[in-house]
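Letters A, B, ... are given to chains in the order of the sequence lines, protein chains preceding strands, and every chain is numbered from 1. Values below: all heavy atoms of this structure, side chains included; hydrogens, waters and symmetry mates excluded.
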Number of protein chains: 2
Amino acid sequence: MEKKEISRAVINRLPRYYRFLKELEKEGVERISSLELSRALDVTASQIRQDFNNFGGFGQQGYGYNVQHLKEEIGKIIGLDQCYNMIIVGIGNLGKALAKYPGFANNGYSTIGLFDSDPAKIGTVINDIAVRGIDELGSFAADNEVDIAVICVPRTEALKTASLLVEKGIKAFMNFTQADLEHELPDGIFVQNVYLIDTVMLLSYDLNNSKK
Amino acid sequence: MEKKEISRAVINRLPRYYRFLKELEKEGVERISSLELSRALDVTASQIRQDFNNFGGFGQQGYGYNVQHLKEEIGKIIGLDQCYNMIIVGIGNLGKALAKYPGFANNGYSTIGLFDSDPAKIGTVINDIAVRGIDELGSFAADNEVDIAVICVPRTEALKTASLLVEKGIKAFMNFTQADLEHELPDGIFVQNVYLIDTVMLLSYDLNNSKK
DNA sequence: TAGATTGTTAATCGATTAACAATC
DNA sequence: TAGATTGTTAATCGATTAACAATC
């Protein structure tokens, strides 16, 4: 099983490919060429072929790609042939919104636990799941198979929370705080940050640097 | 005013630099070297100096960088010496959470309008702002100085909504839907996507491709 | 002055694009 | 078979890193 390390740039494009193919499939499109894909996705056809060939190539000369097959293969690479259990820690406005967000379940990510330290929230039910106290977090993580933890606690609590979960064996974090978990947690732990502030800042940069 | 185009990779790092410097400033740190920055931010010292030198260089040989000055200069580049007006369109769970999110206001982004099509929501007040009907969106955008629109409507409405706002002169969009606004809207319009699904997908990829 | 650390040029590395032979 | 389009190699482009002279 000799793998030639696949670059992060390629990986990062996979979800986008997947989503687009899923849509094509829904529309009943059967085949598509790299050129057509490139027009729809605003990348070069060459790049698309290169990307796919990192994984062995899923097409056929003279034909192109079978939409359904390509979708499934990319899904497998991402790991979408499995389901994942998520917990959300910190049921503030954002945590609550994520608990209700249908997109996760629709794609195979089930939320199986919600946690907050506020006694007023503990016991309330969101989307059929009761909020548990943060003191139960450790035991819950130890007793259940949790794949991904969504961190929505206040920034000051983020590292402590994540570290506890790492101890209990959780390896993947979706981080909505400004804490730099990636740098602070041990190697082999995966962190994806959603830095909402950074995102709007990039918009103001663009607004200020376009008027020429 | 000869500008040598600054690469997006550099721009994308600016918010992170800014946030870290802001924190250093709060802690009372006065000066810092590129080497110290590189340790804290997990990039090379060389890259940090390169990045800053795209804008002329803010340091001093033998001394390093003055934290406050550097923070202010990067802030100016991002455009944080100004304030911005935002509107949020689509007050579902996510839209509501964003309306209550303090991070925006804390960084100079004021939310001045909320819009939804659901009559039950219209008139309700979130964070001192009354939700308006979506039918008022066009006139509101025309009558007020709106810099950034946050798109939280259902995906099927996203392009229509954004197009209307483009007509009214809005140039920057923060997009929480899966719609590919970037590709569909005219040139010169800035879109930042927050694809929550893509983010968790990258975590499942990592989970599946680490166990060696 | 000597030491430190930047600014900046040159070297390296990696990712994207171009081109075309392979082949369906 | 002829046409189409991939898989794949080679060329280009851009971003990161290394190195060091400039200078505070």
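In this structure, A/I32 places its CD1 atom 15 Å from C1' of D/dA4, rounding to the nearest Å. Rounded to whole angstrom, the span from the CD1 atom of A/I48 across to the P atom of D/dT8 amounts to 17 Å. Rounded to an integer number of Å, the gap from CZ of B/F58 to C1' of C/dG7 is 13 Å. Between the CZ atom of B/F52 and the C1' atom of D/dT16 there is a distance of 15 Å, rounded to whole Å. The separation between B/N54 atom CG and C/dG7 atom C1' is 12 Å, rounded to whole Å. The distance from atom NE2 of A/H69 to atom C1' of D/dT6 is 14 Å, rounded to the nearest whole Å. Rounded to a whole Å, the CZ atom of B/R31 is 11 Å from the P atom of C/dA4. When rounded to the nearest whole Å, the span between CD1 of A/I11 and C1' of C/dA15 equals 14 Å.
OP1 or OP2 of D/dG7 has at least one side-chain nitrogen or oxygen of A/Y65 nearer than 4.0 Å. Considering only side-chain N and O atoms, A/R13 lies nowhere under 4.0 angstrom from the phosphate OP1 or OP2 of C/dA15. Remark: A/S34 is not in phosphate contact with D/dT5, judged by side-chain N or O atoms under 4.0 Å from OP1 or OP2.
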query = So what is the 5' to 3' dot-bracket string for DNA chain D, if pairs are Watson-Crick or G-U wobble with both distances under 3.5 Å, crossing pairs use [ ] and | means the partner sits on another strand?
reply = ..||||||||||||||||||||||
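From B/K22, atom NZ reaches atom CG of B/N107 across 4.0 Å, with rounding to the nearest 0.5 Å.
Side-chain contact between A/F173 and A/N193: absent, with no pair of heavy atoms (C-beta onward) separated by less than 4.5 Å. Using a 4.5 Å heavy-atom threshold, the side chains of A/R31 and A/Y65 count as separate. Annotation: side chain of A/I197 is not in contact with side chain of B/N106 (no heavy-atom distance under 4.5 Å). Looking at B/T111 and B/I129, their side chains come closer than 4.5 Å, going by heavy atoms from C-beta outward.
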ask   = Taking protein heavy atoms under 4.0 Å as touching, what does nucleotides 17-24 of chain C look like 5' to 3' if B marks base contact, S marks sugar-phosphate-only contact and - marks none?
value = BBBB-BBB
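Considering B/I189, B/I148, B/L165, B/D147 in turn, B/L165 is the only one that fulfils the side-chain contact (heavy atoms from CB on, under 4.5 Å) rule with B/I170. Of the candidates A/R19, A/R16, A/Q192, B/D198 forms a side chain to side chain donor-acceptor pair (under 3.5 Å) with just one, namely A/R19.
Salt-bridge formation is not detected for the pair A/R39/A/E36: no Lys NZ or Arg NE/NH1/NH2 atom is positioned less than 4.0 Å from an Asp or Glu carboxylate oxygen.
Aromatic ring pairs are classed by plane angle as parallel below 30°, tilted from 30° to 60° and perpendicular above 60°; the pair A/F104 and A/Y109 is perpendicular.
Annotation: of the two residues near DNA chain D, A/E36 and A/G56, the 5′-most nearest-nucleotide partner is A/E36.
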